[in-house]
Structure formats: C-alpha cells, structure tokens
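Start at 1 with the first residue, then count along the sequence.
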Amino acid sequence: MFVGLHAGMLVVVAALLCSAVRSQEATGGRFVCNAIPPGAEPGCGYGPTGNRVQSSSIGPVEDELRNTILQLRETILQQKETIVSQQGTIKELNSKLARCEAAADETAHAKSRGQGSRRKEYGKNTMGDLPRDPGETIDQLGKTMQSLKGRLENLEQSLRLPGSTNVSAGGVSALTPLPPELRELLRQRLGALETQLLRKVAELEEEKSQLYNETAAHRQRTESALNSLMERITELEKSNNAFKSPEDFKVSLPLRTNYLYGRIKKSLPEMYAFTVCMWLKSSASPGIGTPFSYGVPGQANEIVLIEWGNNPIELLVNDKVAQLPLAVSDGRWHHICITWTTRDGFWEAYQDGERLGTGDNLAPWHPIKPGGVIILGQEQDIVGGRFDATQAFVGELSQFNMWDRVLRPVDIVGLANCSAYMPGNVVPWIDANVEVFGGATKAALEICEDRAFDS
C-alpha cells in the first residue's frame with residue numbers, strides 16, 4: 001500500500017510537469033495542468049481531454065523528465081526491498097523473543113522440580129546457543145543483548161535511508177524518512193525484546209544465587225560427614241587391632257582387690273536424666289561388688305551401682321539409695337539397664353530386656369553434676385581413687401553405654417536381644433575410651449555370640 005501511494009504520487013507529478021511543458025510550448029506564456037487516465041503510462045502526450053497526443057518531436061526537457069521518472073521507479077523498488085528486509089529482521093527478532101519466553105517457562109518448571117530436574121533442564125539448551133552453566137548463560141545473554149542493540153542501531157540508521165524522492169526545480173532528488181508508524185513498531189518490538197532479556201538475566205542471577213546457597217549448604221554437610229568419618233577412622237586406627245570392631249571387647253576383673261579397675265576417659269555433662277546399660281557376668285559371693293561408679297568433686301557417690309555383702313543391688317544418686325530387684329550372680333551374661341530422671345526422682349530397672357522394678361523420690365530435682373570420673377569395678381571414696389577391696393566387682397563387663405535421656409522400653413529390648421545397635425550418646429563403649437589398671441585386661445568379645453553359647 002505504501003509503495004502504491006508513492007507510485008501514484010509520482011505519476012501525478014510527472015503528468016503535471018508534462019502538461020506544464022506542453023502548455024508552455026503551445027502558448028509560450030502559460031502553464032496548464034492536465035490529468036491523465038488511471039493506469040496510463042506517465043509522461044507527456046495527453047491533451048486537455050485526457051487523450052493521448054502524438055508528438056512528432058520530443059524535446060530535451062521531456063527526455064529529462066522521463067529519466068527522472070525512471071529514477072523514481074528504481075528508488076521505489078529499492079525502498080520496497082528495504083522494507084521487505086526490515087520485515088525479515090522483525091520476524092527474526094520475534095522468533096528470538098519466543099525462544100526467550102520458552103526458556104523462561106522451562107526455567108520456571110525446572111525450579112518446581114528441584115535441583116535434579118533443574119540440572120536436566122540446563123542440559124536441554126532451550127535457546128539454541130545457551131551454555132549449561134548459569135554464569136555462562138548470563139554472559140551469553142549479555143552478548144546477545146549487545147548484538148541486538150547493534151541491530152537496533154543498524155535499523156535506526158536504515159530508517160534514515162530514503163523513503164521517497166521528490167524532484168526539486170534543478171532536478172536534484174531530496175531524501176525523506178520512512179513512515180513514523182513503522183519506526184515506532186520497530187522500537188516497540190526491540191524494547192519488548194530487551195525487557196524480556198533483562199528479566200531473563202535477573203531470573204538467572206537469582207537462580208545462580210540460590211544454587212550457590214544450596215551448594216554451600218551441601219558442601220558444609222559433606223564436610224561435617226567427612227569429619228565424622230575421619231574421627232571414626234582415627235578411633236579405629238587407635239583401637240586394638242585384635243578386635244573385629246572397637247565395641248567388640250570386654251573388661252575382665254578376676255580378683256577382689258582395690259587396684260584392679262577400668263576407667264572411662266570421657267566425663268559426663270550436666271544431666272537431668274540418664275540411662276546406663278551394660279552386659280555383665282559374675283558369680284562372686286557375697287555380692288558382685290560395684291560394676292561402676294561416678295564421682296564428682298564434693299560428691300564421690302554421684303551415681304553408683306553396687307551389690308555389697310548380702311544386700312540387694314542398689315542405685316545411688318547424689319548418695320541417695322534405691323534398691324533394685326535384680327539378680328545377676330549366676331555366672332551367666334545378663335543385660336541390665338537403669339533409667340533415672342530428676343523429675344520426681346523416677347527410676348526403672350531392666351534385666352535382659354524386662355522391666356523388673358520402678359520407683360521414685362530418688363534424689364528428685366537434683367541435676368547430675370558434670371566433670372567427674374567414671375570407674376569400672378570400684379566404688380570411689382574420693383574422685384578417682386581410695387577404693388575398698390570389699391566393694392570391688394569380680395567378673396566381666398562389656399557394652400557399657402550411657403545416654404542423657406530415658407530410653408524407650410522398645411529400645412532397651414532391642415539392645416537386650418541383640419536386634420539393635422545403639423551406642424550411648426554421652427558414653428559409647430569404644431576400645432579407645434576405656435583404660436585398664438592393676439592387672440585388669442581387655443579381650444575380644446562378640447557379646448551376642450558368647451551369650452548364645454551360654455544359653
């Protein structure tokens with residue numbers, strides 16, 4: 001439509017010029033404008049009625065006008081080619097914008113599917129030239145935007161190319177710009193594309209930040225797990241190589257003396273509840289003695305388990321006493337667990353997974369004091385020493401574990417029947433944590449197999 005309008009204007013101009021020339025030649029003093037029929041070839045040769053006038057001689061002025069008309073036609077054809085080229089550029093930019101929108105939609109879906117799906121989307125290459133790494137994607141989008149800006153500048157320069165040609169009095173052509181509607185359309189399209197690209201860059205920056213935070217958290221968890229593994233490996237390396245695993249051993253205390261004992265290297269924190277479990281085997285009489293004791297400065301009997309003389313087994317907390325209905329002096333392996341909480345001083349006693357007794361008012365509201373010493377096989381009169389041979393334990397101990405909470409009955413049953421392995425979170429039974437003195441020994445023992453053999 002735009003090209004046709006310009007062609008029509010040129011035809012009218014040419015006709016007017018030709019009519020003006022003929023009128024001047026005929027009268028020598030007047031300029032007369034005659035119309036030409038629609039669709040007729042522009043040029044001079046039409047009379048006042050619109051009929052073709054045959055001329056026997058064509059002057060130089062008419063030749064010059066014909067050449068001008070031909071130049072105008074060529075200019076119009078060139079402008080048409082320019083418009084077609086610009087339309088192709090607009091289609092290419094629209095295609096690129098659609099790719100950007102598709103990439104944004106796929107990124108939104110990738111976020112809802114989590115990290116694994118997001119990695120899969122990165123490998124899909126949604127824009128045809130985007131790399132997989134978010135940082136490289138942002139750089140590539142920046143380059144694409146710069147390229148598009150360059151195209152915009154080229155288009156703006158092309159917008160300044162001749163859109164139509166007018167003939168001045170001297171026959172020199174003057175340049176006019178393209179219609180403002182086309183220029184505004186191009187600007188709107190390019191502006192929308194640049195907005196989409198900037199939004200995409202912002203989304204990728206945000207996603208890159210999220211990925212970095214997730215990666216940092218994962219790295220921290222991995223380092224924590226590796227540190228725990230290294231500590232475990234160090235403990236295994238320091239343990240006795242004769243044991244299949246660091247917990248498969250026993251401490252033997254064969255004589256009733258005041259110098260055979262074991263010592264736990266770890267101390268206790270302040271606690272408001274505890275559970276202590278162990279395997280023991282003894283046939284000593286009268287009484288098996290003191291399987292373990294925990295003393296702190298100012299209170300040597302902070303926690304004590306003892307069977308002395310013909311008395312029943314007793315639990316002492318802060319030197320307060322509760323008698324336990326346990327019987328373990330038959331020379332066979334038994335699993336015992338004692339629980340206690342400062343709330344009302346409530347306690348429980350388990351033997352071989354069965355709860356045999358409970359009670360309360362045992363040192364209620366008293367917190368277990370930290371920083372003391374745990375001794376296996378002896379009762380302490382001062383922290384870490386002054387043992388009494390009559391209170392010494394005679395027999396074997398294994399799997400001494402301690403927790404800072406009351407275990408559930410199902411957990412205690414699992415420990416007793418060897419269906420669960422749950423080392424103490426305060427004191428675990430590990431070879432590297434146990435020292436022996438005075439002739440006490442450590443030997444390999446798989447307690448579940450040995451217990452089955454005793455049965």
Side-chain angles (χ1 to χ4, degrees), residues 223-254 260-271 273-282 290-296 302-305 333-339 350 368 370-378 380 383-384 393 395-407 411-412 414-451:
E223 290 178 354
S224 177
L226 288 175
N227 290 335
S228 300
L229 182 61
M230 289 300 297
E231 292 178 0
R232 177 67 171 170
I233 291 174
T234 302
E235 292 176 354
L236 290 173
E237 290 175 347
K238 292 181 179 180
S239 65
N240 193 332
N241 293 331
F243 305 151
K244 291 184 177 180
S245 61
E247 68 274 3
D248 288 338
F249 71 99
K250 64 181 179 180
V251 173
S252 297
L253 304 164
L260 271 75
Y261 66 97
R263 176 175 177 145
I264 303 295
K265 293 181 180 180
K266 284 193 171 184
S267 185
L268 300 181
E270 185 177 52
M271 298 188 301
F274 68 81
T275 299
V276 58
C277 295
M278 72 188 80
W279 287 92
L280 57 82
K281 179 180 180 181
S282 177
T290 307
F292 85 98
S293 63
Y294 174 64
V296 297
E302 186 71 1
I303 306 175
V304 180
L305 183 66
W333 282 106
H334 292 281
H335 185 265
I336 64 171
C337 282
I338 311 297
T339 72
Y350 291 81
I368 301 300
V373 176
I374 301 176
I375 297 295
L376 301 179
Q378 298 285 353
Q380 308 171 55
V383 177
F393 173 79
E396 297 175 324
L397 293 171
S398 184
Q399 298 296 321
F400 179 88
N401 290 280
M402 199 166 190
W403 297 262
D404 58 359
R405 66 183 185 275
V406 175
L407 293 187
D411 295 328
I412 294 175
L415 293 171
N417 61 22
C418 297
S419 63
Y421 173 68
M422 188 169 58
N425 68 326
V426 175
V427 177
W429 181 253
I430 298 176
D431 178 28
N433 287 344
V434 181
E435 298 175 304
V436 291
F437 302 90
T441 59
K442 291 193 292 185
L445 172 70
E446 295 185 15
I447 184 62
C448 294
E449 295 182 4
D450 196 75
R451 175 174 176 268

To the nearest 0.5 Å, atom CD of Glu446 lies from atom CD of Glu247 at 9.5 Å
Closest non-hydrogen contact found for Pro291 with Leu280 is CG-CD2, 4.2 Å
Between the OG1 atom in Thr339 and the CH2 atom in Trp403, the distance rounded to the nearest 0.5 Å is 11.5 Å
Given 3.5 Å as the limit, does a donor-acceptor pair link the side chain of Gln378 with the main chain of Thr290, or not?
no
**Prompt:** Is there a donor-acceptor pair under 3.5 Å between the side chain of Asn425 and the backbone N or O of Asp404?
**Reply:** yes
Nearest heavy-atom contact between Ile303 and Phe274 is CD1-CE2, 3.9 Å
dist Ser398:OG -> Ile447:CD1 (nearest 0.5 Å) comes out at 5.0 Å
Handout entry: Expected output: side-chain Tyr294 to main-chain Gly372 donor-acceptor under 3.5 Å
Key = yes
**OP:** Verify side chain to side chain contact (heavy atoms under 4.5 Å, CB included) between Ile264 and Met402, making sure each step is shown before the conclusion.
**Re:** CA-CA 11 Å; Ile264 303 295; Met402 199 166 190; over 6 Å; no
Between the CG atom in Leu397 and the CG atom in Leu253, the distance rounded to the nearest 0.5 Å is 6.0 Å
Review point. So do Val436 and Thr441 actually touch side chain to side chain, heavy atoms under 4.5 Å?
Key: no
Take Thr275 and Arg405 through the test side chain to side chain contact (heavy atoms under 4.5 Å, CB included) and record every step on the way to the result. CA-CA 6 Å; Thr275 299; Arg405 66 183 185 275; 5.6 Å; no
On a heavy-atom basis, the closest approach of Lys266 and Val426 is CD-O, 3.9 Å
Note, Leu445 side chain near Glu396 side chain (heavy atom, < 4.5 Å) = no
Correct closest heavy-atom pair for Pro428 and Pro423 would be CB-CB, 4.1 Å
Test ring-ring contact (aromatic ring centres under 6.0 Å, His included), reference His335, set Trp279, Phe400, Tyr350, output is Trp279
Of all heavy-atom pairs linking Gly295 and Gln380, the shortest is N-NE2, 3.4 Å
Nearest heavy-atom approach of Lys250 to Trp333 is CD-CZ2, 4.4 Å
Check: Asn401 side chain, Gly424 main-chain N or O, donor-acceptor pair, under 3.5 Å = yes
Check the pair Ile336 / Leu305 against side chain to side chain contact (heavy atoms under 4.5 Å, CB included), numbers first and verdict last.
-> CA-CA 11 Å; Ile336 64 171; Leu305 183 66; 3.7 Å; yes
Specify whether Phe249 and Trp429 have parallel, tilted or perpendicular ring planes, treating 30° as the upper limit for parallel and 60° as the lower limit for perpendicular.
parallel
